[in-house]
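To start, the structure itself, in structure tokens.
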2 protein chains.
Amino acid sequence: MATVDSTDPELACPISPVVDIVFSRWTTPILWSLHTFGRQRFVELQRGITHITPKVLTQRLRQLERDGLVTRTYHPEVPPRVEYEISDLGRSLAPLFAGLAEWATDNLGKVESARRVYDGAEPRAVTGRRA
Amino acid sequence: MATVDSTDPELACPISPVVDIVFSRWTTPILWSLHTFGRQRFVELQRGITHITPKVLTQRLRQLERDGLVTRTYHPEVPPRVEYEISDLGRSLAPLFAGLAEWATDNLGKVESARRVYDGAEPRAVTGRRA
DNA sequence: CTGTATCCATTAAGATACTG
DNA sequence: CAGTATCTTAATGGATACAG
């Protein structure tokens, strides 16, 4: 049975589940920061990842912890100290992240120029777009 | 200058822009289908990707076309015929998709068991979570 | 320091019906 | 066939304030 029900696009695409787990606006910056700079406290993450609010940071960290990609260590001191670290499972994404980063440097410019062409193209009726 | 402004998480994470372009609920199934089964018409894509509505399919296809990952060919016939095909730029994502698919088969089970552990863990006060 | 609690804005997506 | 037009809902995220 597993997690597949017929309403999910997973059936047609084996990477959809990974997208749900790893790729959202703030999860990749968090994973990247933990992977690149190592174990960090809550406030360090907040400072390193520009403009993320504590609410959202907490939400994403909880999700990553639940999915086993990040570990959370609570030190019962005063004031409290909590450290987050990427897990082995999270680290297993590293080569994929490296590949994506490389794709970005190689191809982001092409995407941007494609957009300029598309946005600047005079809309002709025969194309069926923007009659 | 490019596209970077200080409100984006791109500064801290070089793969955030790729996430915006490639990874959303329906873009990966669309790219996967076009890459795996080749050039397809609108209705073929709709049938192959279960439960996607024409509105959403149109939206994602337009975005992918604008970003240069997919090409759209309009044949002015009656009834009209439109074919979508993955572009060279889109095809350049193939190895990354293969890597993600492999990660999925290897690690999705670990994620699921991590979730079971997390959800079933008795919440102790000392962890600082769920007092 | 490490979060919660509210409230609000934005957006992707789903349901449904309709057009050239 | 290949979409568009509306309307509604759900999910994220942002702003701000406050608590242990």
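Because only heavy atoms are used, hydrogens play no part in the values below, and waters and symmetry mates are left out as well, while side chains stay in.
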Taking the side chain as everything from C-beta on, heavy atoms only, tell me whether [X] gets closer than 4.5 Å to [Y].
X: A:Y84; Y: A:V82; answer: yes
X: A:T58; Y: A:F42; answer: yes
X: A:L100; Y: B:V19; answer: no

Whole Å only: how far is the [atom1] atom of [X] from the [atom2] atom of [N]?
X: A:F42; N: C:dT4; atom1: CZ; atom2: P; answer: 8 Å
X: B:I52; N: D:dG3; atom1: CD1; atom2: C1'; answer: 13 Å
X: B:R25; N: D:dT9; atom1: CZ; atom2: P; answer: 19 Å
X: B:K55; N: D:dT4; atom1: NZ; atom2: P; answer: 12 Å
X: A:Q40; N: C:dG3; atom1: CD; atom2: P; answer: 14 Å
X: A:R60; N: D:dA11; atom1: CZ; atom2: P; answer: 12 Å
X: A:E44; N: C:dC1; atom1: CD; atom2: P; answer: 10 Å
X: A:L61; N: C:dT2; atom1: CG; atom2: C1'; answer: 11 Å

Does [X] make a side-chain N or O approach to OP1 or OP2 of [N] shorter than 4.0 Å?
X: A:Y84; N: C:dG3; result: yes
X: A:R41; N: C:dT2; result: yes
X: A:R62; N: C:dG3; result: yes
X: A:W26; N: D:dA11; result: no

Could you tell me whether a side-chain N or O of B:S87 sits under 3.5 Å from a main-chain N or O of B:T71, the two making a donor and an acceptor? no
Assess the side chains of B:Q40 and B:S33: does a donor N or O sit below 3.5 Å from an acceptor N or O? yes
B:T27 or A:E83, whichever maps to the more 5' nucleotide of DNA chain C: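 Mapping each residue to its closest nucleotide by heavy atoms, the 5'-most match is A:E83.
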According to a 3.5 Å limit on both distances, what stems of 3 or more consecutive Watson-Crick or G-U pairs are formed with DNA chain D?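 If one scans DNA chain D for consecutive Watson-Crick or G-U pairs, the stems found are C:1-20 with D:1-20.
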Candidates D:dG13, D:dA2, C:dG3 - which lies nearest the side chain of B:R72: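 From the listed options, D:dA2 comes nearest.
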Checking C:dA15, C:dG3, D:dC1 against the side chain of B:R47 (C-beta onward), the nearest is D:dC1
Below 4.0 angstrom, N of the basic side chain to O of the carboxylate: do B:E112 and B:K110 qualify? no
How many angstroms lie between atom CD1 of B:I30 and atom CD1 of B:I86, to the nearest 0.5 angstrom? 11.0 Å
First of A:T53 and A:P80 reached from the 5' end of DNA chain D, by closest nucleotide: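 Of the two residues, A:T53 wins.
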